[in-house]
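As structure tokens, the structure follows; a few thoughts come after it.
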Amino acid sequence: MDLKIKDKVAVVTAASRGLGRAAAEALAAEGVKLAICSRDRAAIDEAAGQIRKKFAVEVLSEVCDVSSKTGIEAFKDKVIEHFGTCHILFANAGGPPPGKVEEFAEADFRKALDLNLLSTINLVNAFLPFMKQQEWGRILASTSISVKQPIPTLALSNVSRAGVVAFIKSLSLDIAHLNISANVLAPGFIMTGRVKSLLQDRAQREGTTYEEALENVKNTIPAQKIGDPEDFGALCAFLASGYASYITGDTILIDGGMYKGIM
Ligand SMILES: NC(=O)c1ccc[n+]([C@@H]2O[C@H](COP(=O)([O-])OP(=O)(O)OC[C@H]3O[C@@H](n4cnc5c(N)ncnc54)[C@H](OP(=O)(O)O)[C@@H]3O)[C@@H](O)[C@H]2O)c1
């Protein structure tokens, strides 16, 4: 199925590995041109090289720490100098450290807000003007199942990501008439480096092994398995596609049924 986004330009942040990388690859498979970033020059260049080789698309790779507003501005300048515009934005970042509410000081909460909330706001402010100009755009913000069902050992993540949902929902109201959608992706457990290190942390806290922690998590998921990054990438590509123009302001779970609420 042709998703009707060939030759569009997508900005995918935090994309050297994990969910960002999966989103970048799924878009590249549709013939989308990519601007990707992460904090590590060697890692992001290597990812770009592998994507170019596998999908034969143009990929710009840059170093950018999305916690930094000036870093995002500099990244935007490079993207616009190279591609002239941005059609699709996948706003993604690393995750804050695990821990319960009382384990963190105010400075930790500020850092998490910079990493997961302000990065999304700053990325949108950087790239939205180009979407408005061309009256076509897709904004996707990466969060977590924790926006629906907080995870006890991820206090910083629970707090910082809820604001992303409010921001994207508010934004969607203002831009829908310009053919620009804005949605939130809320993954449960998708197997990446981050999930592996969270499982290690759980094992330590619970005094069990990594394998037992993995089994315990699987038992909370009706699908009885951890998700595959490719499934996450496919969802991103669909929401960025020409077929998803009437889906906006939504928070879409991809969690194997892990969220237990009705709404
Ligand atoms: N995987 C899941 O199941 C899951 C579930 C819920 C939420 N999430 C959230 O989704 C996001 C991505 O998770 P993941 O599983 O893909 O993590 P991951 O496997 O650890 O990958 C993180 C990626 O982000 C980059 N990165 C980290 N901090 C960055 C920063 N400040 N600026 C720019 N790039 C940065 C890393 O590259 P560099 O080190 O080179 O910067 C890497 O490419 C995280 O916020 C995570 O908490 C993931």
Side-chain angles (χ1 to χ4, degrees), residues 11-26 34-48 50-51 61-72 74-76 90-99 111-120 122-123 126 140-151 153-165 184-202 214 217-218 220-221 223 225-233 235-236 251-256 258-259:
V11 169
V12 183
T13 60
S16 61
R17 56 180 192 274
L19 301 184
R21 172 73 178 264
E25 293 208 3
L34 295 175
I36 60 174
C37 74
S38 84
R39 295 162 305 172
D40 184 288
R41 169 56 72 191
I44 199 67
D45 285 351
E46 193 184 344
Q50 288 170 355
I51 295 171
S61 55
E62 293 293 341
V63 170
C64 173
D65 180 341
V66 295
S67 306
S68 151
K69 187 179 178 190
T70 51
I72 287 176
F75 177 49
K76 181 216 49 187
F90 178 64
N92 182 43
K111 222 170 148 183
L113 290 171
D114 280 340
L115 178 66
N116 294 123
L117 174 58
L118 286 162
S119 63
T120 308
N122 291 330
L123 282 163
L140 300 173
S142 166
T143 64
S144 161
I145 186 177
S146 68
V147 299
K148 298 249 183 194
Q149 181 174 285
I151 300 171
T153 52
L154 288 177
L156 295 177
S157 173
N158 297 340
V159 171
S160 59
R161 294 181 200 281
V164 176
V165 177
V184 173
L185 286 138
F189 280 84
I190 313 281
M191 193 46 90
T192 63
R194 161 95 175 157
V195 160
K196 284 179 192 158
S197 78
L198 289 178
L199 288 171
Q200 253 140 18
D201 176 76
R202 274 199 190 202
L214 174 62
V217 167
K218 281 189 195 168
T220 67
I221 304 172
K225 61 178 184 183
I226 305 292
D228 185 336
E230 277 186 16
D231 295 337
F232 182 85
L235 176 61
C236 294
T251 295
I252 294 134
L253 284 161
I254 170 162
D255 69 344
M258 187 180 174
Y259 170 62

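Each ligand, and each atom within it, is numbered from 1 in the order the structure gives.
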Does one side chain, of N92 or S142, offer a donor that lies under 3.5 Å from an acceptor on the other? yes
Are R41 and E46 side-chain neighbours, meaning at least one heavy-atom pair lies under 4.5 Å? no
Testing the basics here: between A24 and L34, what is the closest heavy-atom pair and its distance to 0.1 Å? O-CD1, 3.5 Å
Which protein residues come within less than 4.0 angstrom of ligand 1, counting heavy atoms only? A14, A15, S16, R17, G18, L19, S38, R39, D40, C64, D65, V66, S67, N92, A93, G94, G95, L115, N116, S142, T143, S144, R161, P187, G188, F189, I190, T192, G193, R194, V195
In short, G20 meets F90 closest at the heavy-atom pair CA-CE2, 3.9 Å
With a 3.5 Å cut-off and no angle check, do the side chains of D40 and S38 form a donor-acceptor pair? no
Is any side-chain heavy atom of K69 closer than 4.5 Å to a side-chain heavy atom of L118? no
